[in-house]
Amino acid sequence: MAAASPIEGKTVWFQKEVTLQQRSKGCHLLDEEILSKLPEISNLKVGTAHIFIKHTTASLILCENWDKEVRTDMTMVMDKIVPEKWNYAHCYEGPDDMEGESWS
């Protein structure tokens, strides 16, 4: 019989700040990178993760991942909704700032 986990049957929580690698504009998978930075969760069977991004021009979405083309299509949809070369009034932080704000 396998030994019980030291946290089995207990309520646990932890908080950790991690830094993810920089990525270009688009929709990207983050699960493996996040999991690699949180080895503490390998002993958990059930739980809830609250993930907060401090950067104002980044966001998280949850979508199915069976077909890798979902990310390509989501990027295409966002590019249609938020044009890259639009005449945005807000540009104090750079020409692509408002585009990034709108994506998020």
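Quick note: residue numbers are just sequence positions, from 1.
- Remark: His28 NE2 to Leu20 CG distance equals 11.5 Å, nearest 0.5 Å.
- Here the CG atom belonging to Leu38 is positioned 8.0 Å from the OG atom belonging to Ser36, to the nearest 0.5 angstrom.
- Side-chain contacts under 4.5 Å among hydrophobic residues (ILVMFWY), followed directly or transitively, place Trp13 with no other residue at all.
- Cluster annotation: Val70 is not connected to Ile81 through the hydrophobic network of ILVMFWY side chains, with a link wherever side-chain heavy atoms come within less than 4.5 Å.
- Hydrophobic clustering, with ILVMFWY side chains joined whenever heavy atoms are under 4.5 angstrom apart, groups Phe14 together with Val18.
- For the atom pair CD1 of Ile51 and CD1 of Ile34, the computed distance is 4.0 Å after rounding to the nearest 0.5 Å.
- In this structure His50 satisfies the side chain to side chain donor-acceptor pair (under 3.5 Å) test with no other residue, sequence neighbours excluded.
- Shown here are the side chain to side chain donor-acceptor pair (under 3.5 Å) partners of Lys25, two or more places apart in sequence or in another chain: Asp79, Glu84, Glu99.
- With rounding to the nearest 0.5 Å, the separation of CD1 in Ile53 from CG in Leu30 is 7.0 Å.
- Here Lys16 pairs with Glu40 under the salt bridge (Lys or Arg N to Asp or Glu O under 4.0 Å) rule; sequence neighbours left out.
- Checked against salt bridge (Lys or Arg N to Asp or Glu O under 4.0 Å), Glu17 has the following partners two or more places apart in sequence or in another chain: Lys54.
- Thr19 and Glu33 get closest at one heavy-atom pair: O-OE2, 4.2 Å.
- In this view, Arg71 satisfies the salt bridge (Lys or Arg N to Asp or Glu O under 4.0 Å) rule with no residue, not counting sequence neighbours.
- Here Asp73 contributes atom CG and Lys68 contributes atom NZ; the two are 12.5 Å apart, rounded to the nearest 0.5 Å.
- No continuous path of hydrophobic side-chain contacts links Met76 to Ile61 [ILVMFWY only; heavy atoms under 4.5 Å].
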